[in-house]
> 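Can you read through this structure? Questions will come right after.
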Amino acid sequence: MEGGLAAGGGGEAEYTARLLIACPDRPGIVAAVSGFLFERDANIVSSHQYSSDPSGGRFFMRTEFFLPPGADPAALSAAFADQVAGRFGMEWTLRRWGERQRTAILVSRQDHCLLDLVWRRRRGELETDIVAVVSNHPDLEPEAAAAGIPFHHVPVPDGAMEQAEAQMLELLAGRAELLVLARYMQILSGDFLARVGMPAINIHHSFLPAFAGADPYRRAHDRGVKLIGATAHYVTEELDDGPIIDQDVLRVDHRSSALELARMGRDVERMVLSRAVARHLEDRVILDGRRTVVF
């Protein structure tokens, strides 16, 4: 039930729902939303809002609330669209707490991000069902099999990315709502991203915008950096330039070799990617052009 904003996760409370809103800022938005929910005996338990500029900016809001037993979410969604969303020109999503996104993972040979996502899903830290692991190499099939996740080997010979993307599109069609690039070392085309029908999150092994592209740890070592980091961002056609969801850094010094930087970087990468995926699944991320608002 949505007006086109975000994607969500799961939880424990049967009658809890989440509402995400983005719209031009103007007086009365919070009052209209809270009044609408109050009239339907909803109990707001969490609400966060942000305005990029109170004069002509954008307004963003994330609200969690309990509905009384027997409430009809479909009727609530229709009424909100008619009575509130249209009046304020809102992009919005209303999602029941129990709705879960399905996630597909693209990976190459490095396993640390994949294993961390699988482990956190098993522990209940990621509110999703991982429905597929797709790789351009067969190396990680045993890891996927051990977790009970279907594995699909889609090789990418030189000059054959278009054919590989066509095969992946066929595999993924209608099967997932989120695509995660867990160190997938191929560049996806704009055509693939437009046709795959779901947002994609990538982990880049650098604190963007520094050291975009390949081999960032070697280049960071050559420059003698004192910080290394990782960046999780939505994937766009332009390489490593999508809206940033999460970042983190580690302090290093001249004694750290390029191999040591890569080892430390793997720890940052898996943490940053897992946080970004969790925030997306929990409806905490709203796009604002090239930026994100993360509640």
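Numbering starts at 1 and runs along the sequence shown.
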> Is there side-chain contact between Ile244 and Thr292, with heavy atoms separated by less than 4.5 Å?
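No, too far: nothing below the 4.5 Å cut-off.
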> Show every side-chain hydrogen bond (donor to acceptor under 3.5 Å, both in side chains) that has at least one partner inside residues 56-75, sequence neighbours left out.
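Listed once each, the pairs are Ser47-Thr63, Arg58-Glu91, Arg62-Glu64.
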> Step by step, would you call Glu127 with Glu282 a side chain to side chain contact (heavy atoms under 4.5 Å, CB included)?
CA-CA 8 Å; Glu127 299 170 346; Glu282 294 167 6; 3.9 Å; yes
> May I ask you to check whether Tyr234 and His280 place their ring centers less than 6.0 Å from one another?
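Centroid separation for Tyr234 and His280: below 6.0 Å.
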> Can Leu181 be reached from Met161 by stepping across I, L, V, M, F, W or Y side chains whose heavy atoms are under 4.5 Å apart?
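They do share one cluster, since a chain of ILVMFWY contacts under 4.5 Å joins Met161 to Leu181.
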> Quick check: closest heavy atoms across Met198 and Leu179, and the distance to 0.1 Å?
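What the structure gives for the nearest pair is SD-N, 3.6 Å.
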> Which heavy atom of Pro199 sits nearest a heavy atom of Leu178, and at what distance?
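Distance-wise, the nearest heavy atoms are O-CD1, 3.5 Å.
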> Kindly write out the residues that satisfy side chain to side chain contact (heavy atoms under 4.5 Å, CB included) with Glu238, not counting sequence neighbours, or none if the list is empty.
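Testing Glu238 for side chain to side chain contact (heavy atoms under 4.5 Å, CB included), a comparison that skips the adjacent residues, returns Thr236, Asp241.
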> As an exercise, state the distance from CG of Leu126 to CZ of Arg121, rounded to the nearest 0.5 Å.
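With rounding to 0.5 Å, CG (Leu126) is 8.0 Å from CZ (Arg121).
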> Are Phe60 and Asp288 side-chain neighbours, meaning at least one heavy-atom pair lies under 4.5 Å?
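A side-chain contact under 4.5 Å exists here.
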> Would you mind reporting whether Trp92 and Leu19 have side-chain heavy atoms less than 4.5 Å apart?
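The answer is yes, as the side chains (C-beta and beyond) meet within the 4.5 Å cut-off.
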> Checking Arg275 now: which residues fulfil side chain to side chain donor-acceptor pair (under 3.5 Å) with it, not counting sequence neighbours?
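By the side chain to side chain donor-acceptor pair (under 3.5 Å) rule, Arg275 matches Asp246, Asp248.
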> Go through the steps to decide whether Arg195 and Asp191 satisfy the test side chain to side chain contact (heavy atoms under 4.5 Å, CB included), and finish with yes or no.
CA-CA 6 Å; Arg195 295 173 59 195; Asp191 180 67; 3.3 Å; yes
> Quick check: are there more than 12 heavy atoms from other residues, nucleotides or ligands sitting under 6.0 Å from CD of Glu237?
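Atom CD in Glu237 is not packed in, count stays at 12 or less.
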> How long is the gap from CZ on Arg120 to CG on Leu273, to the nearest 0.5 Å?
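One gets 10.0 Å once the value is rounded to the nearest 0.5 Å.
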> Could you tell me if the side chain of Val180 sits less than 4.5 Å from the side chain of Leu106, heavy atoms only?
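No, side chains not in contact.
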> Heavy-atom distance under 4.5 Å between the side chains of Tyr184 and Asn202, does that happen here?
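They are not in contact (no side-chain heavy atoms under 4.5 Å apart), so the answer is no.
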> Atom CD1 in Ile286, atom CZ in Arg291: separation rounded to 0.5 Å?
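Reported value, rounded in 0.5 Å steps: 12.0 Å.
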> I need the minimum non-hydrogen distance between Ala182 and Cys113, along with the two atoms involved.
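The pair with the smallest heavy-atom distance is CB-CB, 3.8 Å.
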> When rounded to the nearest 0.5 angstrom, what distance separates OG in Ser135 from CD1 in Ile105?
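So the OG of Ser135 and the CD1 of Ile105 are separated by 11.5 Å.
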> Identify which one of Glu269, Arg270, Arg266 satisfies the side-chain hydrogen bond (donor to acceptor under 3.5 Å, both in side chains) criterion when paired with His112.
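The single option meeting the side-chain hydrogen bond (donor to acceptor under 3.5 Å, both in side chains) with His112 is Glu269.
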> Distance from Ile44 atom CD1 to Phe66 atom CZ, nearest 0.5 Å?
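Going from CD1 on Ile44 over to CZ on Phe66, the span is 12.5 Å.
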> Any Lys/Arg nitrogen of Arg18 or Asp283 sitting under 4.0 Å from an Asp/Glu carboxylate oxygen of the other?
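Salt bridge present between Arg18 and Asp283.
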> When rounded to the nearest 0.5 angstrom, what distance separates CZ in Phe295 from CZ in Arg284?
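Rounded to the nearest 0.5 Å, the CZ-CZ separation comes out at 10.5 Å.
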> Show your working on salt bridge (Lys or Arg N to Asp or Glu O under 4.0 Å) between Arg102 and Asp129 and close with a plain yes or no.
CA-CA 5 Å; Arg102 299 167 297 174; Asp129 297 317; over 6 Å; no
> So, Ser189 versus Glu165: side-chain donor-acceptor pair below 3.5 Å or not?
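Yes - a donor-acceptor pair under 3.5 Å links their side chains.
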> Can you establish whether the number of heavy atoms outside Arg87 located under 6.0 Å from its atom CZ is more than 12?
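Yes, CZ of Arg87 has more than 12 neighbouring heavy atoms, counting only those of other groups under 6.0 Å.
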> Kindly indicate whether the side chain of Leu281, heavy atoms from C-beta on, has any atom under 4.5 Å from the side chain of Thr103.
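Contact flag for Leu281/Thr103 side chains = yes.
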> So does Arg183 pair up with Asp111, basic N to acidic O under 4.0 Å?
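No.
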> When hydrophobic residues are tied together by side-chain contacts of less than 4.5 Å, even through go-betweens, does Val268 share a cluster with Val252?
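Same hydrophobic cluster.
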> State, with a plain yes or no, whether a side-chain heavy atom of Val133 is found less than 4.5 Å away from one of Val107.
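Yes, their side chains come closer than 4.5 Å.
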> Side-chain contact, heavy-atom cut-off 4.5 Å: Ile187 with Leu239?
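Yes. Closest side-chain heavy atoms under 4.5 Å.
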> Main chain of Phe36, side chain of Arg40: is a donor-acceptor contact present, judged purely on distance under 3.5 Å?
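Checked: pair present.
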> Which heavy atom of Pro54 sits nearest a heavy atom of Ser51, and at what distance?
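Scanning both residues completely, I find the closest heavy atoms to be N-OG, 3.5 Å.
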> Using the rule that two of Ile, Leu, Val, Met, Phe, Trp, Tyr join whenever any of their side-chain heavy atoms come within less than 4.5 Å, decide whether Leu117 and Leu172 are in one cluster.
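Different hydrophobic clusters.
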> Answer with yes or no whether the hydrophobic clustering places Met168 together with Val235; edges join I, L, V, M, F, W, Y residues whose side-chain heavy atoms lie under 4.5 Å apart.
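Yes.
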> Please give me the minimum heavy-atom distance between Pro155 and Ala164, naming the atom from each residue.
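So the two residues come closest at O-CB, 3.7 Å.
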> Would Phe80 and Ile29 show up in the same hydrophobic cluster when neighbours are defined by side-chain heavy atoms closer than 4.5 Å?
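Yes.
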> For Val156 and Gln167, run side chain to side chain contact (heavy atoms under 4.5 Å, CB included): C-alpha distance rounded to whole Å, both residues' side-chain angles, the deciding distance at 0.1 Å, then the answer.
CA-CA 10 Å; Val156 186; Gln167 187 176 347; over 6 Å; no
> Walk me through it: do Val285 and Val293 pass the test side chain to side chain contact (heavy atoms under 4.5 Å, CB included)?
CA-CA 6 Å; Val285 185; Val293 174; over 6 Å; no
> Inspect the surroundings of CD in Gln83 and state if more than 12 heavy atoms from other residues, nucleotides or ligands are less than 6.0 Å away.
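Counting other residues, nucleotides and ligands, CD of Gln83 exceeds 12 neighbours.
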> Provide the closest heavy-atom pair for Gly28 versus Phe88 in the form atom of the first, atom of the second, distance.
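For Gly28 versus Phe88, the nearest heavy atoms are O-CZ, 3.7 Å.
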> Does atom CZ of Arg175 have more than 12 heavy-atom neighbours from other groups under 6.0 Å away?
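More than 12 heavy atoms, drawn from other residues, nucleotides or ligands, come within 6.0 Å of this atom.
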> Assess whether side-chain hydrogen bond (donor to acceptor under 3.5 Å, both in side chains) is satisfied between Thr128 and Gln101, documenting all intermediate values.
CA-CA 5 Å; Thr128 188; Gln101 280 196 103; over 6 Å; no
